[in-house]
Amino acid sequence: METYSRISELNLHLNLLDKAWMAWYEYMQNDVLATGIMSFVMNEVVYFGRALPWIIIDRIPCFRKWKIQNSNDAALTLSFCPISQSNFQRSDVPFPHWTKIAYQVAIFFIMEDAWHYWFHRAFHWGPLYKYIHNIHHTYSAPFGLEAEYASPIEVMVLGLGTVGCPILWTAFTGDLHILTMYIWIVLRLFQAIDAHSGYEFPWSLHHFLPFWAGANHHDVHHEKFVGNFASSFRWWDYMLDTEATPEAMKRRREKRQKTAAVKKTQ
């Protein structure tokens with residue numbers, strides 16, 4: 001509190017959050033340690049805190065009508081969580097404008113989705129699935145805490161997309177505040193946990209953004225063990241014909257029938 005009071009007196013132009021942020025780094029006297037502790041606490045609080053509502057919902061019968069699969073495999077699991085800091089990232093105050101944070105986070109979602117699609121799809125190749133990805137598919141009916149229930153190798157590879165995209169962005173632009181990376185990781189954790197929640201609500205985001213993946217998209221992946229490899233968006237699965245939805249399967253069936261009919265006429 002003494003550090004915060006001193007900084008408040010000397011930096012009247014800063015807002016409350018700016019002052020608290022500056023006081024933390026001033027108190028720690030070590031930027032790397034301060035960032036590391038804050039990253040770890042943020043990740044664990046957000047991950048388990050965001051999963052908690054789904055654990056509670058699983059115990060309330062009236063929500064069962066929105067459950068995608070009737071199976072209830074929910075169990076407390078521990079996970080390995082990737083943490084990253086880049087020396088190129090800013091940690092000063094004042095913070096960047098919210099519009100700048102928003103467009104950078106949007107870019108990270110697009111970049112990570114591409115990374116996740118290709119490496120997730122690779123993890124479904126025989127040996128990689130058997131020795132690495134199989135752990136994540138322990139439960140065919142996913143639940144929130146399962147988002148990071150995976151082999152450490154898989155967590156590191158897919159997690160590299162989460163932390164690597166901002167670092168790559170920084171390497172090319174030299175412009176990224178650590179707060180933006182924190183917001184990105186928090187939203188990415190929200191997305192991963194929600195995708196594994198096992199619930200499909202009338203107010204789920206994909207009803208308003210048709211290209212958003214959501215729980216029903218990823219739930220089918222766990223149920224069928226094929227297709228729907230992307231994390232946040234549907235366009236990679238759509239463009240590369242790896243969707244596992246009933247509509248996609250019907251489309252493929254009709255295409256095969258049409259191809260067979262053409263061959264018969266030749």
Side-chain angles (χ1 to χ4, degrees), residues 3-4 6-8 10-47 50 80-120 122 147-148 152-193 209 211-213 230-233 235-236:
T3 304
Y4 178 82
R6 178 166 50 83
I7 286 176
S8 296
L10 297 174
N11 298 275
L12 299 175
H13 63 289
L14 299 178
N15 60 41
L16 186 66
L17 187 57
D18 287 335
K19 293 173 184 175
W21 180 280
M22 190 174 181
W24 167 250
Y25 277 90
E26 181 72 20
Y27 173 76
M28 292 300 296
Q29 291 293 305
N30 186 317
D31 289 357
V32 174
L33 183 61
T35 301
I37 292 173
M38 189 157 50
S39 298
F40 176 78
V41 172
M42 178 208 67
N43 189 88
E44 300 309 303
V45 169
V46 171
Y47 178 61
R50 185 66 188 94
F80 169 82
C81 304
I83 301 170
S84 171
Q85 182 202 16
S86 169
N87 292 329
F88 300 113
Q89 293 166 357
R90 293 170 42 222
S91 59
D92 57 344
V93 289
F95 296 135
H97 194 270
W98 71 267
T99 54
K100 186 175 187 178
I101 294 174
Y103 89 74
Q104 287 181 340
V105 168
I107 290 172
F108 299 156
F109 262 111
I110 293 171
M111 292 173 67
E112 189 281 333
D113 186 66
W115 175 279
H116 190 101
Y117 175 87
W118 287 106
F119 278 94
H120 185 192
E148 290 188 355
I153 297 174
E154 178 178 347
V155 172
M156 285 189 289
V157 171
L158 296 183
L160 184 59
T162 300
V163 298
C165 291
I167 292 173
L168 185 63
W169 170 267
T170 307
F172 279 96
T173 66
D175 182 23
L176 182 66
H177 198 284
I178 193 72
L179 176 67
T180 304
M181 185 166 180
Y182 283 161
I183 292 173
W184 149 241
I185 292 175
V186 166
L187 293 176
R188 175 69 179 97
L189 283 170
F190 270 50
Q191 179 276 324
I193 293 168
L209 294 175
F211 53 83
W212 185 254
S231 57
S232 300
F233 306 111
W235 48 59
W236 281 106

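Reckoned from all heavy atoms, side chains included, excluding hydrogens, waters and symmetry mates. Sequence positions, counted from 1, serve as the residue numbers for this chain.
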(request) Kindly determine whether T3 and M22 satisfy side-chain contact (heavy atoms from CB on, under 4.5 Å), including the steps that lead there. (result) CA-CA 9 Å; T3 304; M22 190 174 181; over 6 Å; no
From [atom1] ([X]) to [atom2] ([Y]), nearest 0.5 Å:
X: F233; Y: I110; atom1: CZ; atom2: CD1; result: 5.5 Å
X: L16; Y: S8; atom1: CG; atom2: OG; result: 8.0 Å
X: I185; Y: T162; atom1: CD1; atom2: OG1; result: 7.5 Å
X: W184; Y: L179; atom1: CH2; atom2: CG; result: 15.0 Å

Taking C-beta and beyond as the side chain, do [X] and [Y] meet within less than 4.5 Å on heavy atoms?
X: E26; Y: R6; value: yes
X: W235; Y: D113; value: yes
X: I37; Y: M28; value: yes

Which atom names give the shortest non-hydrogen contact between [X] and [Y], and what distance separates them?
X: D92; Y: W21; answer: O-NE1, 4.5 Å
X: D175; Y: Q104; answer: O-NE2, 3.2 Å
X: K19; Y: N11; answer: CE-O, 3.3 Å
X: Y182; Y: T35; answer: OH-O, 3.1 Å
X: S232; Y: F109; answer: OG-CD2, 3.5 Å
X: H116; Y: L158; answer: CE1-CD1, 3.8 Å

(request) State whether the side chain of T170 and the backbone N or O of P166 hold a donor-acceptor pair below 3.5 Å, judged by distance alone. (result) yes
(request) Report the C-alpha separation of I101 and I183 in whole Å, then their side-chain angles, then the decisive distance to 0.1 Å, and conclude whether the side-chain contact (heavy atoms from CB on, under 4.5 Å) test is met. (result) CA-CA 8 Å; I101 294 174; I183 292 173; 3.8 Å; yes
(request) Kindly write out the residues that satisfy side-chain contact (heavy atoms from CB on, under 4.5 Å) with V157, not counting sequence neighbours, or none if the list is empty. (result) F119, F123, I153
(message) Under the criterion ring-ring contact (aromatic ring centres under 6.0 Å, His included), I'd like the reasoning laid out for W115 against H120: C-alpha separation, chi angles, the key distance, then a yes or no.
(response) CA-CA 8 Å; W115 175 279; H120 185 192; over 10 Å; no
(request) Flag yes if more than 12 heavy atoms outside Y103 fall under 6.0 Å of its OH atom; otherwise flag no. (result) yes
(message) Is there a side-chain contact (heavy atoms from CB on, under 4.5 Å) between M38 and I178? Walk through the geometry before answering.
(response) CA-CA 11 Å; M38 189 157 50; I178 193 72; 5.7 Å; no
(message) For the residue pair E112 / S231, report whether a side-chain donor-acceptor contact shorter than 3.5 Å exists.
(response) yes
(request) Could you label the plane-to-plane angle of the W169 and F108 rings as parallel, tilted or perpendicular, counting under 30° as parallel and over 60° as perpendicular? (result) perpendicular
